[in-house]
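Just below is one structure, and these are the notes that go with it.
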Amino acid sequence: MKISNAKSALVAVSSGNQCLTNPNLIPLFNKYVDKTSVSSWNSVIAELARDRDSVEALRAFASMRKLSVVPNRSTFPCAIKSCSALFDLRSGKQAHQQAYVFGLDLDLFVSSALIDMYSKCGYLVDARTLFEELPQRNVVSWTSMFTGYVQNGLSHDALLLFKDFLKEEGESEGEVHIDSVALVSVLSACSRVSGKSITEGVHGFIVKRGFEEDTGVGNTLMDAYAKCGNVGVSRKVFDELNEKDVISWNSMIAVYAQVGKSAEALELFYSLVRDKNIHYNTVTLSAVLLACAHSGALQVGKCLHNQAIKMGLQETVYIGTSVVDMYCKCGRIEAAKRAFDQMKEKNVKTWSAMVAGYGAHGRAKEALDVFYRMNSAGVKPNYITFVSVLAACSHAGMLDEGNYWFSTMENKFGIEPGVEHYGCMIDLLGRAGRLSEAYNLIKKMKVKPDFVIWGSLLAACRMHKNVELGEISASKLFELDPKNCGYYVLLSNIYADAGRWDDVERMRIFMKNRGLTKPPGFSLVEFKGRVHVFLVGDVEHPEHEKIYAYMEKLYVDLEEAGYMPNMTSVLHDVNEEEKGMSIRVHSEKLAVAFGLMSSVPGATIQVIKNLRICGDCHSMIKLVSKIRKREIVVRDSKRFHHFRDGFCSCKDYW
DNA sequence: GTAGGGTTAG
């Protein structure tokens, strides 16, 4: 019997039980499938399940039962797997019931599939109950249970279960034995709990049992080490893998892309391209596009987009979404829109990426338009979609719209606001000067306010000169993030504005005594397909001398045009002259200068900054855009600033 | 004929 023919026959006669009632189809069906033979049905169901045609597989299973063909232990696993693939708990339960009737529910093969089915449908308790009922278990039963916990966000329980497994393995005298698949599952639990010692422990076990050369185990190990902050070890595991498959490369590239090591991600991708033995795929491209998005590598991103088109992949929803996100984060919102419009299939992530993109560019109206269209298209917004919607309102200062969607998301969409949603609202209220409302909202929060929340309130207190609430926010921030000096500076500024010089002095001594740090600011500029990094006062860049010389000339022109340094956001513990020096060499200024001197006249300059842009850089770049007649785009940690002819797209609201 | 690993939105 040819399976593919069987499949077309089956498809022809399917739609449930019509195969029995439609006389024209019965001869066709009979030609390929002996409808009384269980093994014929098993082959058909297995083939359909393998083709991921789960709906047809379940129809075949139903038809078979209609014909009263008795299923055997080979029938159920594939049928149940199809239920899992469709998250069809009802059919899964029916299959469980039938397996029970035929005395097969405790069969190792059937029960493993059932455990997997219950887990995938979110019914972990049923999965565990069945697992406990099993008279004997093998490593597959255990693995199904491990992954069940991991996929339901209970990785800690998966690790606890692993301890039970080791006990049973020790007592079973060879009946139960760990394999690489089980180890992959355990490692994925490690990577989700981000525990360094547990990952190292499992790694030791892997070496002891001789699995360290297994490619699958190595691939997951890389991810687990990266998730607990040890990217160097991930790279070591990668380098030491004897047989790297495409997933090994993808994992390492994704690790780099996710931790923001974009240059390393790109470099590794280039060596993968040079390695003719391995063909990269959609996953690779997605990861590299993410690296471009992070580092603003637009030229490289464009090449990858073209490459995806050549490979016929631009319409897949993964790649499409990555491309949209890349253009948004590289400041090319119109290109993002074009890519977005061309996509035939869009999911909630695609829509949310577009909403977020418009929001970050301060184009709240368009963000909301996309959001409305998403609803009309019948795609349900989720938690993150509403973060994007509220962030769009916050970037544009649209308090009423923000308020509306903040209450609607819970009342109409049943999504409980999380710390990110509150963050947008505190920001909106705070900047509108409604400080006590903002403070009351914080007090009403069901989730614990984080440093973003208190940071927004503190910044608003500075803006609106409120000492009392500023002190409250600052004291919370000193607890949450005691080493970050940014908050001490802000509070000190609030005191200075109020003329409370004793308190300013107190803060200065406070900071001095505590070895406080500020995350180092850096800016990125892409030039000829390479991303250049600038730190504040950079002397590492090979052309730094030329850049400083260029800046001297630039400052002369700027001062002629009326530029006055604005020091309000500078530390109080340096003298006036030092202040002037450090502000002149902020990383975004160096990056803009490098962009100006190294690009052709008229070209847009694009800078990515890891922190928020400071007030002085903002006014300086506005002026630069005017006197040098250039469009300059700066993406800071919060949003985009498009500078043109002396103005910024944020309208100085940021 | 059963179980496992990599990717996209704030």
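Sequence lines set the chain letters: A, B, ... in the order given, protein chains first and strands last, and positions in each chain run from 1.
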Next item on the list: Can you figure out which of B/dA3, B/dA9, B/dG4 approaches the side chain of A/I384 most closely?
Entry: B/dA9
Note to self: Just to be sure I understand the rule, does A/N219 reach a base, reach only the sugar-phosphate, or reach nothing, if contact means heavy atoms closer than 4.0 Å?
What the structure shows: base
Next item on the list: Determine the contact category for A/T147: base if any of its heavy atoms lies under 4.0 Å from a base atom, sugar-phosphate if only primed atoms, P, OP1 or OP2 are that close, otherwise nothing.
Entry: sugar-phosphate
Check: Is the distance between the ring centroids of A/W41 and A/F61 under 6.0 Å?
Finding: no
Note to self: Suppose we screen for side-chain hydrogen bond (donor to acceptor under 3.5 Å, both in side chains). Which residues come up paired with A/S456, at least two apart in sequence or across chains?
What the structure shows: none
Note to self: Once hydrogens and angles are ignored, does a donor-acceptor distance under 3.5 Å link the base of B/dG4 to the side chain of A/S180?
What the structure shows: yes
Note to self: Once you apply a heavy-atom cut-off of 4.0 Å, does A/A254 come out as touching a base, just sugar-phosphate, or nothing?
What the structure shows: sugar-phosphate
Margin query: Could you work out, with salt bridge (Lys or Arg N to Asp or Glu O under 4.0 Å) as the rule, every residue matching A/K609, not counting sequence neighbours?
Written below: A/E588
Item checked: Nucleotide nearest A/V184 when distance is taken to its side chain, options B/dG5, B/dT2, B/dA3 -> B/dG5
Note to self: Short of 4.0 Å, heavy atom to strand atom, which residues of residues 341-366 of chain A count as contacting DNA chain B?
What the structure shows: A/K349, A/S352, A/A353, A/A356
Margin query: At 4.0 Å (heavy atoms only), tell me whether A/D214 reaches a base, stays on the sugar-phosphate, or touches nothing.
Written below: nothing
Next item on the list: Could you check whether A/F76 gets within reach of a base, just the sugar-phosphate, or nothing at all, counting any heavy atom under 4.0 Å?
Entry: nothing
Notebook entry, point to check: Base, sugar-phosphate alone, or nothing: which one does A/K638 contact when heavy atoms must sit under 4.0 Å apart?
Noted result: nothing
Notebook entry, point to check: Among all residues two or more places apart in sequence or in another chain, which pass the side chain to side chain contact (heavy atoms under 4.5 Å, CB included) test with A/V447?
Noted result: A/V419, A/Y422, A/M445
Check: With a distance cut-off below 6.0 Å to the six-membered ring centre and an angular limit of 45° from the axis, does A/K120 pair with A/F87 as a cation-pi contact?
Finding: no
Next item on the list: Please state how far atom CE in A/M326 lies from atom C1' in B/dT7, giving the value in whole angstrom units.
Entry: 15 Å
Notebook entry, point to check: Got a sec, which residues hit side chain to side chain contact (heavy atoms under 4.5 Å, CB included) with A/V273, two or more places apart in sequence or on another chain?
Noted result: A/F269, A/Y280
Next item on the list: Please work out if A/N138 contacts a base, only the sugar-phosphate, or nothing of the nucleic acid, heavy-atom cut-off 4.0 Å.
Entry: nothing
Name the atoms and distances for all side-chain donor-acceptor pairs under 3.5 Å in residues 236-244 of chain A, with sequence neighbours left out.
unit_1 : atom_1 : unit_2 : atom_2 : d
A/K236 : NZ     : A/E240 : OE2    : 3.4
A/D239 : OD1    : A/R235 : NE     : 3.1
A/D239 : OD2    : A/R235 : NE     : 3.3
A/N242 : ND2    : A/E213 : OE1    : 3.3
A/N242 : ND2    : A/E213 : OE2    : 3.4
A/K244 : NZ     : A/F238 : O      : 3.4
A/K244 : NZ     : A/L241 : O      : 3.3

Notebook entry, point to check: Which one, B/dG4, B/dT7, B/dT2, comes nearest to the side chain of A/Y318?
Noted result: B/dT7
Check: Does A/K81 make a side-chain N or O approach to OP1 or OP2 of B/dG4 shorter than 4.0 Å?
Finding: no
Item checked: Nearest-nucleotide pick for A/N250, side chain only, options being B/dG6, B/dG1, B/dG4 -> B/dG6
Checklist line | Below 4.0 Å: OP1/OP2 of B/dT7 and any side-chain N or O of A/Q258 | finding: yes
Margin query: Can you measure A/D223 atom CG to B/dG4 atom C1' for me and round it to whole angstrom units?
Written below: 14 Å
Next item on the list: Under 4.0 Å between any heavy atoms, over every strand shown, what does A/N42 touch: base, sugar-phosphate, or nothing? Just pick one.
Entry: nothing
